[in-house]
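Reading through the structure tokens given below for one structure.
Per chain, numbering begins at 1; letters A, B, ... match sequence-line order. The figures here come from the full heavy-atom set of this structure, side chains too, leaving out hydrogens, waters and symmetry mates.
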Number of protein chains: 2
Amino acid sequence: MKKQKITIKDFAEKLGVSTATVSRALNDTGRISEKTRKFIKEKANELGFRANIYASQFRTRQSNVIGFFFPVAESGDPGYFISEIMSEVSDEAVKTGKILQIYPVDESGENIESFKNGILNGSLAGIIVVAGSKTSSELVLTAKDAGVPYMIIGGIKSETENCVIFDNENGARLAGKYFLNTGRKKPVYVGGYLDTRKKRGFKEGLGILANELIFDDGGCSFNQGYQAFERIFSKLPETDCALCANDVLAIGFIKAAAAKGFRVPQDVAVIGFDDVKISRFYSPALTTVALNQQEAGKNAFRKLMRLIAGEKTMANEKMASDLILRDST
Amino acid sequence: MKKQKITIKDFAEKLGVSTATVSRALNDTGRISEKTRKFIKEKANELGFRANIYASQFRTRQSNVIGFFFPVAESGDPGYFISEIMSEVSDEAVKTGKILQIYPVDESGENIESFKNGILNGSLAGIIVVAGSKTSSELVLTAKDAGVPYMIIGGIKSETENCVIFDNENGARLAGKYFLNTGRKKPVYVGGYLDTRKKRGFKEGLGILANELIFDDGGCSFNQGYQAFERIFSKLPETDCALCANDVLAIGFIKAAAAKGFRVPQDVAVIGFDDVKISRFYSPALTTVALNQQEAGKNAFRKLMRLIAGEKTMANEKMASDLILRDST
DNA sequence: TTGTAGGCGTTATCAG
DNA sequence: CTGATAACGCCTACAA
């Protein structure tokens, strides 16, 4: 094993000071005269000295790395919703000088063990888990046991704290109510991958129409939305409105409708979920339940920082959800 | 500074073996009997012993972390193209037991110093840089100087190796030729953020129409595409075809066309760039130059692994680009 | 304000 | 195949 080219000891000797002084200067810590601090920093720059990060992490046991665990669909299709959360989290991380590691958790739970190891070995200062895969709760439990600060985005049934929750139920209720009030008669619900609450809310909103409600197991890809439409309309061509569990699904659904000669919204009204960036620009612009995922990401990150700073726990927070009316209804 | 609850020494004593043996067993390294290895692994599991990752990294100077540097637009709009690269890279990383850290490089180059530090402090086994921001090349240079293995996706002018390049020029040429052959007369080019080659190729393909070519500085967001349309058609309503530097731009452009009562493709034919997932499902389905970004991501990652494994350099590789005809032309 | 020196927990080198 | 032990480079009491 080769040594590193220049160590703090070499560097300190070259400047004629002690290693302690160098350490203090470079870390902005401890009492030290402004003059020597400046001098040492300059010299470090000049000579290209940089403390070995492994050694200093080892010594201080401090990590500035945050783990971001998120579910990925088998389809390999784009997780726009999660991308939007991630980009917000990533922004916050950069702002606060943290580094983000990403851990894609797939349905199979294949690499769950190595991910758990990542949590347990202490290399992460904290983690954010986006709920949605079967193993999300396992990851959370691992963190909890290990005393690693964690925040959950999306909510996990058994967890009563440290969650930033989406109000799926209310969002779906708004959608149901809207269909009811606009005279739709034959509703259908195209399911996604984390939505028992959406179903319930939708039914409530539909009121008397709930009896007519058809469920279809969608997924979360364009293609699945497309296929869902075909499946449903081959059996029930009189269907006149649909709530899709996410926008991607809704877009596939609408695409199929157009291909089959159905007009949206005249023949079928479609509401999506998430208000992902593309939805406003789709044709027809998609009516959708906005969940404020970006804000959720930001809030989760900030709360995680507080947990890392020493606070014990964060109360669950529920994000507001709004029905955004556009051209698909 | 508190000590860790259970160290390899404690653990070894408890089992009545030496620390060396434990280390060998847990790392699957060196000569050791299968029996003791199994025994030690079991016990480690049982007692929850896990080697301190900082200590072992410190000792071995080995990192299994890959840095992924990518440009982000100021608009905050979705980088679908980059997302698709990233998700592929991330998949590959998981498969090979690597961990991915993400570094969003913004136009301002604000956090460039801290990112450079991330490269220099040796915490990364290698990096992938997606070209496209002004500071991409600075990051690459930093890695090169520090001897950190790197791969570039997208190509940087001065770099003659370790690049996976998109054939933007040929893609644009195909688009130009298509407009020429389908009788379009008044072309426009809506620029993006990394595309001197696209312009050139497009002109070549347009042949005699190149004289009529109008340039517009687009960007990479839906809104910018939308505004580009308004800008162009308020001045030049006779424009009958457009190449947009990316699909997101193209979608915004088409959306604006529809809003202003122009039919796509009858009045204006539109070709995008990238063949991002949404493009096939947009209405009208987008004709676009496919760049095979997923494969690019995969290839870059695999080559990076080879560099990390000790190979000196990778020859530049140019991805094929294809014009995918759909409904917007 | 600065210097001295001990120790963090592991892995790798030697012996045995 | 296993054990003893010497680094790895840094930070931080403690001493000056």
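- Where stacking is scored as ring centres under 5.5 Å apart with planes under 30°, B:F58 registers as stacked on the base of D:dC8.
- For residues 124-139 of chain B, the pairs satisfying salt bridge (charged side-chain N to carboxylate O under 4.0 Å, His left out) are B:E107-B:K134, B:K116-B:E138, with sequence neighbours left out.
- For the pair B:K9 NZ and D:dA6 P, the interatomic distance rounds to 13 Å; values are reported in whole Å.
- Phosphate proximity of C:dT2 to A:T36: present, with a side-chain N or O under 4.0 Å from OP1 or OP2.
- Across the protein-nucleic acid pair, A:Q57 atom CD and C:dG9 atom C1' stand 14 Å apart, rounded to whole Å.
- The side chain of B:T60 approaches C:dT11 more closely than any other nucleotide in the set C:dT2, D:dC11, C:dT11.
- Atom-to-atom, CZ of B:F11 to P of D:dG3 comes out at 13 Å; the value is rounded to the nearest Å.
- Nearest to the side chain of A:A20, among C:dT2, D:dG3, D:dT12, sits D:dT12.
- Minimum atom distance to the side chain of B:R24 is reached by D:dG3, of the listed D:dG3, D:dC8, D:dC10.
- Not one side-chain nitrogen or oxygen of B:R59 sits closer than 4.0 Å to the OP1 or OP2 atom of C:dC8.
- If you find the closest nucleotide of DNA chain C to B:T19 and to A:V17, the one lying nearer the 5' end belongs to A:V17.
- Under 4.0 Å is where a charged nitrogen must lie from a carboxylate oxygen, and between B:E311 and B:R306 at least one such pair does.
- The separation between B:R31 atom CZ and C:dG16 atom P is 19 Å, rounded to whole Å.
- D:dC11 atom P lies 14 Å from atom CZ of A:R50, rounded to whole Å.
- Residue B:T7 has no polar side-chain atom (N or O) positioned under 4.0 Å from OP1 or OP2 of C:dC8.
- Over its full length, the helix from C:dT1-D:dA16 to C:dG16-D:dC1 turns its helical axis through 30°, comparing axes from the five pairs at each end and rounding to 10°.
- Of the candidate nucleotides D:dT2, C:dT10, C:dT2, C:dT2 has the atom lying nearest to any side-chain atom of A:T21.
- An OP1 or OP2 oxygen of D:dC11 is reached within less than 4.0 angstrom by a side-chain nitrogen or oxygen of A:N27.
- For the pair A:F39 CZ and C:dT1 P, the computed distance is 18 Å after rounding to whole Å.
- A:S90 and A:S87 share no side-chain donor-acceptor pair at under 3.5 Å.
- Atom P of nucleotide C:dG9 and atom CG of A:N121 are separated by 15 Å, given to the nearest angstrom.
- Evaluation of the salt bridge (charged side-chain N to carboxylate O under 4.0 Å, His left out) rule for A:E317 yields A:K303 as partners, not counting sequence neighbours.
- B:F166 and B:F81 have their aromatic ring centers within a separation under 6.0 angstrom.
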For residues 98-106 of chain B, tabulate all N or O donor-acceptor pairs below 3.5 Å that involve a side-chain atom, not counting sequence neighbours.
residue	atom	partner	partner atom	Å
B:Q101	OE1	B:Y103	OH	2.7
B:D106	OD1	B:S108	OG	3.0
B:D106	OD1	B:G109	N	3.2
B:D106	OD2	B:S108	OG	3.3

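- The nearest whole Å value for the distance from the CD1 atom in B:I8 to the P atom in C:dG9 is 11 Å.
- Look at B:S23 and you'll find a side-chain N or O under 4.0 angstrom from OP1 or OP2 of C:dT11.
- For residues 4-32 of chain A, every residue pair satisfying the ring-ring contact (aromatic ring centres under 6.0 Å, His included) rule, not counting sequence neighbours, is listed here: A:F11-A:F49.
- For A:S56, no side-chain nitrogen or oxygen approaches OP1 or OP2 of D:dC10 to under 4.0 Å.
- Identified under the side-chain hydrogen bond (donor to acceptor under 3.5 Å, both in side chains) test for residues 140-158 of chain A, with sequence neighbours left out: A:K144-A:E159.
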